[in-house]
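One structure is given here, and the rest of the page talks about it.
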Amino acid sequence: MPQEIEPKWQAIWAERGVMKADDASPKPKFYDLVMYPYPSGDLTVGHLRNYVMGDVLARMKRMQGFEVLHPFGWDAFGLPAENAAMKRGNLHPRTWTLENIAKGKRELKMAGILYDWDREVTSSEPDYYRWTQWLFLLMLERGLAYRATAPVNWCPVDKTVLANEQVINGRCWRHPDVEVEKRDLEQWFLKITDYADRLLDDLSLLDKWPHKVRVMQTNWIGRSTGAEVDFPVDGLPGEVVRIYTTRPDTLFGATFMVLAPEHPLVERVTTEKHRARVREYVEKARKETEIERLSTEREKTGVATGGFAINPVNGEKIPIWVADYVLVTYGTGAIMAVPAHDERDFEFATRHNLPIREVIAPPNGPQGLLRQAYLGAGALVNSGQFDGLDSTAAIERICDWLEQKGMGKRAVKYRLRDWLISRQRYWGAPIPVVYCPNHGIVPVPREQLPVELPAEYKPLSEQPDWYQTKCPIGGEDARRETDTMDTFIDWSWYFLRYASPRDETEPFDPELANHWMPVDQYTGGVEHAILHLLYSRFFVKVLYDAGLVAYTEPFMRLFNQGMVKRFGQVMSKSLGNGVSIDELAGAQGADAGRIYEMFIGPPEEDVEWTEAGLNGVVKFLQRVWRLVLEPDSIVPEGVASGAKVDATVLRRKVAQTVGKVTEHYDELRFNTAVAFLMELANTMQDYLQTGGNRDAEWDATVRTLLRLLNPLAPHACEEMWERLGEKGLIADASWPEFEAAAAAEPKVVLVVQVGGKLRDRLEVDAGLSEADAVKAALASEKVRAALNGRGPSKVIYVPDRLINLVP
RNA sequence: GUCGGCGUGGCGGAAUGGCAGACGCGCCAGCCUUAGGAGCUGGUGCCCGAAAGGGCGUGGAGGUUCAAAUCCUCUCGCCGACACCA
């Protein structure tokens with residue numbers, strides 16, 4: 001009857017404040033964080049999976065004597081609220097958001113997940129975004145927030161700009177079928193690139209993060225080393241085309257140059273004869289979408305400018321081209337093309353009949369005519385005084401030489417771009433600055449925060465009553481910034497706010513934040529591998545530099561759970577394949593659902609939700625119920641059968657299970673933890689069925705099983721605990737101690753191999769010496785037969801596991 | 001294309017150099033039952049065999065090792081990220 005007992009215990013936990021975190025507790029702290037969700041209002045058992053993981057860990061850690069911080073909140077700004085408001089006419093995004101939050105909260109409670117709700121944060125409420133704005137001002141003060149005009153990504157559906165991280169294959173991250181457009185707009189950026197090296201280097205501190213996420217961040221930052229080299233423009237004294245290359249060793253192989261269509265020098269280097277064609281090409285390139293331009297499938301187009309540059313290493317005159325395969329946003333927006341040793345340049349040269357000169361010889365000597373670009377290392381050829389040098393050494397020598405002559409210098413480049421944070425939306429935190437005709441960009445003074453959103457839902461730029469203001473410095477008429485911030489700014493510090501969620505004087509209390517932080521376990525979807533996780537790392541480093549936090553990385557251990565699918569698709573209400581928490585709680589119960597979510601498969605893998613699987617878990621819970629409360633129903637009337645389990649065997653199994661389950665919960669290997677609990681229940685059943693006594697030791701065993709199972713099935717365990725006559729809550733009970741001595745097996749099965757093939761299994765005393773093991777093995781008929789008279793010439797003995805006799 | 005991950009019974013999966021298939025689902029046989037979508041017992045990788053027993057087996061091919069699902073090389077398939085970053 002989960003429908004009766006589950007609400008009962010949920011009420012009791014809430015009333016007793018079971019998961020309240022005490023800032024002043026002397027216990028060691030454990031910060032257990034799950035990514036705060038967008039309150040979309042369609043919570044299914046699929047969304048529940050990572051919250052159950054967090055809850056299991058929180059409940060165990062509490063029982064183990066940790067002061068656990070297990071908070072929850074809402075990423076409440078964002079477009080779905082605006083879309084819902086637009087669709088439903090007079091509905092305000094805030095109303096919609098708060099309704100969904102209430103719904104979500106109810107369902108989480110229904111699933112038995114315990115949070116310290118006193119610390120709940122909602123990013124769209126003024127008492128939160130006031131501090132989001134405060135942190136923006138901090139960035140501004142520290143020179144990390146700036147306005148710039150740049151070609152930015154524009155989503156025509158959401159009618160707002162997007163950060164690079166929010167553009168996926170040239171399409172909007174929220175609309176996989178909508179291509180982003182490029183628009184030249186003046187926008188706010190955060191200088192995350194100033195932190196590129198630290199963001200990269202500190203990844204090495206995150207050894208408890210998934211390898212995959214670290215690789216993705218490394219690639220996203222995309223650090224490369226090389227050189228910037230100036231190529232003087234022929235006939236324009238003083239004018240140079242500066243290029244960036246990672247292969248200074250191939251400088252002598254440059255046979256032409258390429259400028260990006262948007263490169264500022266295009267007009268200058270173009271000759272009259274070529275001007276019309278170049279202009280036409282540049283126009284066309286501008287109009288093309290990112291997807292068209294970035295497609296590697298497409299043949300490389302480009303036009304000659306008629307201008308020439310001088311290769312500084314050999315004085316050679318080489319033509320300057322314009323082509324859209326060179327990006328204005330990376331490096332210097334211009335390249336030297338070395339077709340012999342770069343695939344893209346090779347393709348372009350072949351297509352446009354440009355010369356190809358080999359300057360790096362593969363190990364077996366120069367190839368002469370190249371059929372494809374040679375990208376590897378080798379000896380330099382056709383490279384003047386550098387001939388014969390190995391390419392690796394040549395990079396250094398040529399860089400030295402360039403620096404000496406003042407023609408170039410070593411340089412480091414990143415793929416990472418500054419973070420564009422302006423959004424042309426209503427439902428976000430307003431950027432707290434004022435534009436004054438006399439004082440320019442004026443930050444809103446901190447004591448005037450929050451800059452609250454106007455009550456009416458309408459674009460801010462259409463609300464003069466709101467944006468018309470006075471300059472905070474001179475008092476003259478001024479205009480507020482009407483853009484709001486990317487919601488990933490809200491995301492970048494919410495985990496700090498949980499430390500002092502009602503603080504009215506600062507975003508977070510540094511002392512409390514230093515007490516609880518860093519997060520010990522962070523659980524959430526892999527979709528944030530770059531976005532949120534990179535931005536938050538950046539924020540924390542800035543806060544560290546500002547002396548506000550004492551650590552440089554926010555999340556010590558990260559786990560990405562897999563998604564729950566049904567009928568092969570990710571569960572969702574809109575697809576109609578979702579199982580709601582109400583349905584689950586009303587049928588098999590939240591406890592069964594919780595265990596099933598953990599048992600269904602490896603936590604990091606996507607899994608398929610099936611009724612049959614859920615039923616298996618229901619049976620397990622019922623079996624535990626009977627073992628604990630109705631043991632008579634398990635003892636058969638007739639003869640005892642099954643494996644004989646005596647008190648000693650059971651005692652050992654209990655001790656082993658305590659060790660295994662604790663370890664596997666800690667490592668988030670919940671599927672195997674459940675399997676161990678099932679094994680223990682099976683052994684307990686065998687014990688009863690083969691004549692085991694229900695003595696004091698049995699009573700202790702039952703209580704151990706319940707405590708181990710409690711994090712997974714807390715309602716049922718509380719109920720059984722109470723019915724056993726225990727006074728306090730099992731949630732407050734202590735975690736069973738692992739006793740290694742009790743878990744040790746006195747007898748072990750020793751596998752006997754002959755020449756690596758299994759020939760016999762012997763039950764022997766644990767800790768047998770090698771000599772005795774050999775003796776025992778040779779006493780076996782089967783082993784002697786396999787040896788067939790050939791005495792073992794070699795013995796490999798792995799104590800308590802295996803002996804291998806090699807003939 | 002580059003990088004990363006994965007590939008094990010009818011199914012979900014377990015085992016990280018040492019007994020392949022824990023645990024669960026499903027299935028088969030039996031018991032119990034007025035009934036069973038309940039409970040209990042036994043069985044269940046494949047092949048040969050009445051059995052005892054034997055052989056084969058972790059996508060495929062090779063290798064290292066006394067010993068490989070696990071490590072290495074190549075290859076096929078699937079998934080994910082990035083995708084003209086010079």
Side-chain angles (χ1 to χ4, degrees), chain A residues 168-170 210-220 222-224 226 243-247 250 258 260 293-298 300 323-327 329-338 341-345 347-348 413-417 526-527 529-530 596 599-602 604-617 619-620 622-623 626 633-642 669 671-679 681-682 685 689 749-758 760-761 782 792-798 800-807:
Chain A
I168 297 164
N169 292 330
H211 175 246
K212 178 182 173 180
V213 174
R214 290 192 292 166
V215 170
M216 283 168 73
Q217 292 213 354
T218 303
N219 293 341
W220 190 262
R223 184 185 144 106
S224 76
I243 60 96
Y244 172 69
T245 178
T246 55
R247 292 292 304 272
T250 62
V258 185
R293 269 194 66 170
L294 293 180
S295 167
T296 42
E297 312 292 303
R298 198 179 67 145
K300 291 187 172 26
D324 64 5
Y325 79 93
V326 174
L327 308 175
T329 48
Y330 184 80
T332 58
I335 62 158
M336 64 168 186
V338 184
H341 305 291
D342 181 283
E343 283 176 326
R344 297 150 302 181
D345 298 343
E347 188 189 331
F348 192 80
K413 299 284 174 193
Y414 304 90
R415 213 191 74 119
L416 182 70
R417 305 291 148 75
V526 73
E527 66 273 17
I530 291 170
Y596 180 49
F599 185 59
I600 189 169
E604 69 281 6
E605 298 288 331
D606 290 353
V607 292
E608 177 77 16
W609 179 279
T610 65
E611 297 301 315
L614 180 57
N615 286 338
V617 169
K619 275 157 65 175
F620 165 64
Q622 283 170 350
R623 169 178 295 198
R626 290 171 52 218
S633 73
I634 284 183
V635 181
E637 303 89 44
V639 259
S641 55
R669 294 160 69 190
N671 54 330
T672 44
V674 175
F676 294 129
L677 287 167
M678 288 174 165
E679 280 190 47
N682 292 345
Q685 175 157 327
Q689 286 179 337
V749 174
L750 187 69
V751 169
V752 185
Q753 295 182 340
V754 175
K757 283 207 171 261
L758 176 72
D760 204 359
R761 287 167 197 183
K782 293 174 185 170
S793 61
K794 188 173 172 187
V795 174
I796 286 104
Y797 181 51
V798 184
D800 297 348
R801 303 205 69 151
L802 166 145
I803 184 162
N804 187 6
L805 306 177
V806 185

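In what follows, every heavy atom counts, from backbone to side chain, and hydrogens, waters and symmetry copies are set aside. Residue numbers start from 1 in every chain, and the chains themselves are labelled A, B, ... in the order their sequence lines are given, proteins ahead of strands.
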Taking atom [atom2] of [N] as reference, at what distance in whole Å does atom [atom1] of [X] sit?
X: A:I168; N: B:A83; atom1: CD1; atom2: P; value: 9 Å
X: A:R623; N: B:U41; atom1: CZ; atom2: C1'; value: 12 Å
X: A:F676; N: B:A22; atom1: CZ; atom2: P; value: 13 Å
X: A:I335; N: B:C84; atom1: CD1; atom2: C1'; value: 9 Å
X: A:L758; N: B:C19; atom1: CG; atom2: P; value: 9 Å
X: A:Y330; N: B:C82; atom1: OH; atom2: C1'; value: 14 Å
X: A:K782; N: B:G54; atom1: NZ; atom2: C1'; value: 12 Å
X: A:N615; N: B:G39; atom1: CG; atom2: C1'; value: 15 Å

If we call it a pair only when both distances are under 3.5 Å in a Watson-Crick or G-U wobble match, what pairs with [N]?
N: B:G1; value: B:C82
N: B:C23; value: B:G12
N: B:U73; value: B:A61

NA contact type, [X], heavy-atom cut-off 4.0 Å: base, sugar-phosphate, or nothing?
X: A:G613; answer: nothing
X: A:K413; answer: nothing
X: A:S224; answer: sugar-phosphate
X: A:R801; answer: sugar-phosphate
X: A:N682; answer: sugar-phosphate

Where the side chain of [X] is concerned, which of [options] is the nearest nucleotide?
X: A:R761; options: B:C25, B:C19, B:A86; answer: B:C19
X: A:M678; options: B:C25, B:G24, B:C82; answer: B:G24
X: A:Q685; options: B:A83, B:A86, B:C40; answer: B:C40
X: A:W220; options: B:A22, B:A86, B:C82; answer: B:C82
X: A:D342; options: B:A86, B:C19, B:A83; answer: B:A86

- B:A86 phosphate, OP1 or OP2, under 4.0 Å from A:K300 side-chain N/O: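 Answer no for this pair, as no side-chain N or O of A:K300 is under 4.0 Å from OP1 or OP2.
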- Task: For the pair A:Y244 and A:Y330, name the ring-plane relationship: parallel under 30°, tilted 30 to 60°, perpendicular over 60°.
- Result: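 Rings of A:Y244 and A:Y330: perpendicular, as their planes differ by over 60°.
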Strictly under 3.5 Å: I want the nitrogen or oxygen pairs between protein and nucleotides 64-68 of chain B, one per line.
from, atom 1, to, atom 2, distance (Å)
B:C66, OP1, A:K794, NZ, 3.2
B:C66, O2', A:N804, ND2, 3.2
B:C66, O2, A:N804, ND2, 2.4

- Note on the structure: Scoring nucleotides 2-16 of chain B by protein non-hydrogen atoms under 4.0 Å (B base, S sugar-phosphate only, - none) yields -SS-------BSSS-
- Task: Sequence neighbours left out, what passes side-chain contact (heavy atoms from CB on, under 4.5 Å) with A:A334? Give chain and number order.
- Result: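 side-chain contact (heavy atoms from CB on, under 4.5 Å) list for A:A334, sorted by chain: A:V241, A:I243, A:L259, A:H263, A:T332.
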